[in-house]
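Notes follow once the structure below has been shown.
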2 protein chains.
Amino acid sequence: MSDNIKIRYEARAAVLKALGHPSRLFIVDELAKGERCVNELAALVGADMSTISKHLSILKSAGLVNDEKRGNSIFYRLAIPCIVNFFSCVESVVKAKAQAGLDSL
Amino acid sequence: MSDNIKIRYEARAAVLKALGHPSRLFIVDELAKGERCVNELAALVGADMSTISKHLSILKSAGLVNDEKRGNSIFYRLAIPCIVNFFSCVESVVKAKAQAGLDSL
DNA sequence: TTGCTATTTGTCAATATAGCCAAATAGCAA
DNA sequence: TTGCTATTTGGCTATATTGACAAATAGCAA
């Protein structure tokens with residue numbers, strides 16, 4: 001793999017890596033419904049707000065979400081909504097895998 | 001997040017996590033063109049065959065690839081080709097991020 | 001059998017990630 | 001100002017990942 005290609009795949013992998021955590025995936029799904037503040041997301045996920053804040057900063061670094069401060073809350077929203085279109089394909093992988101598991105019984 | 005929902009998001013995240021590595025992403029892209037054996041992929045990526053083998057086992061555990069032994073080679077192929085459709089969206093995230101970087105200069 | 005090739009698995013060190021608590025920061029309200 | 005809420009950041013430990021080398025396994029060919 002040449003350096004150029006490597007850099008390109010690293011950039012793409014960073015996006016997928018950011019999505020590769022259950023809480024972050026849940027957050028993205030939630031933001032697909034509309035903007036949410038950190039507080040709300042922390043309650044929905046059921047984790048410490050500092051933990052959610054760090055997850056959001058990972059999503060933001062990956063370019064997946066934007067934030068906007070209003071009052072003393074910070075609202076996050078999806079930067080690129082097409083992300084959500086992929087989830088049905090991911091789900092088909094999960095389902096095919098589950099089916100393969102059943103087949104082997 | 002209820003236990004049920006948590007388990008569902010963990011399953012989805014596992015798929016995305018498997019894609020969240022440059023070498024594995026490259027492998028998936030390569031397999032989108034057709035089946036390849038470990039040997040070929042190791043040469044293309046430029047890494048030790050044992051390293052590629054482990055990457056492939058991660059992709060396989062995630063349900064993203066299948067393998068078939070023929071002769072003394074093992075050929076891998078994509079299990080669920082829709083994965084590739086997502087890459088254009090990932091690319092748009094990467095590009096938007098790059099543009100945002102330029103804007104801030 | 002022996003030798004050769006392809007692949008996987010075990011081990012290990014370096015590195016990265018996750019999540020909690022505590023502390024720092026910022027805005028609003030009294 | 002003080003206090004309250006929302007959020008981020010620092011520090012920490014536990015855990016997971018990566019990738020190389022060596023060793024084990026399997027199939028083919030002589």
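Not measured: the values here are computed from a predicted model. Labels below follow one simple rule: chain letters A, B, ... track the order of the sequence lines, proteins then strands, and each chain is numbered from 1.
- Heavy-atom distances under 4.0 Å link DNA chain D to no residue of residues 2-26 of chain A.
- Between V65(A) and R77(A), every side-chain heavy-atom pair lies at or beyond the 4.5 Å cut-off.
- Looking only at distances, a side-chain donor or acceptor of K97(A) sits under 3.5 Å from a matching main-chain atom of S61(B).
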Show me the side-chain donor-acceptor pairs of residues 6-20 of chain B shorter than 3.5 Å, one per line, residues at least two apart or across chains.
| unit_1 | atom_1 | unit_2 | atom_2 | d |
| --- | --- | --- | --- | --- |
| Y9(B) | OH | D29(A) | OD2 | 2.4 |
| R12(B) | NE | E91(A) | OE1 | 2.6 |
| R12(B) | NH2 | E91(A) | OE1 | 3.2 |

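- Base-pairing analysis of DNA chain C finds the following stems of at least three consecutive Watson-Crick or G-U pairs, with both pairing distances under 3.5 Å: C:1-30 with D:1-30.
- Taking 4.0 Å as the cutoff to heavy atoms of chain A, we find the contact window on DNA chain D bounded by dT5(D) to dG11(D).
- Using a 4.0 Å cutoff on non-hydrogen atoms, the parts of residues 32-60 of chain A near DNA chain D are C37(A), V38(A), N39(A), M49(A), S50(A), S53(A), K54(A), ordered by number.
- Residue Y76(B) is classed as a sugar-phosphate contact, given heavy-atom separations below 4.0 Å to backbone atoms only.
- In this structure, I58(A) is not a member of the same hydrophobic cluster as L25(A), with clusters built from ILVMFWY side-chain heavy atoms closer than 4.5 Å.
- Listed by first and then second residue, the side-chain hydrogen bond (donor to acceptor under 3.5 Å, both in side chains) pairs that reach into residues 34-46 of chain A are E30(A)-R36(A), E35(A)-R70(A), sequence neighbours excluded.
- Between the CD1 atom in I27(A) and the CG atom in L44(A) there is a gap of 9.5 Å [rounded to 0.5 Å].
- The side-chain heavy atoms of I5(A) and S2(A), taken from C-beta on, include a pair separated by under 4.5 Å.
- Residues V28(A) and R24(A) have side chains not in contact (no heavy-atom distance under 4.5 Å, counting atoms from C-beta outward).
- Residues V38(B) and M49(B) are in side-chain contact: their nearest non-hydrogen atoms beyond the backbone lie under 4.5 Å apart.
- Side-chain contact between C89(A) and I80(B) is present, with heavy atoms from C-beta onward closer than 4.5 Å.
- Y76(B) is not listed as a side-chain neighbour of N66(B), based on a closest heavy-atom distance of 4.5 Å or more.
- Note on V84(B): it clusters hydrophobically with V90(B), by side-chain heavy-atom contacts below 4.5 Å among ILVMFWY residues.
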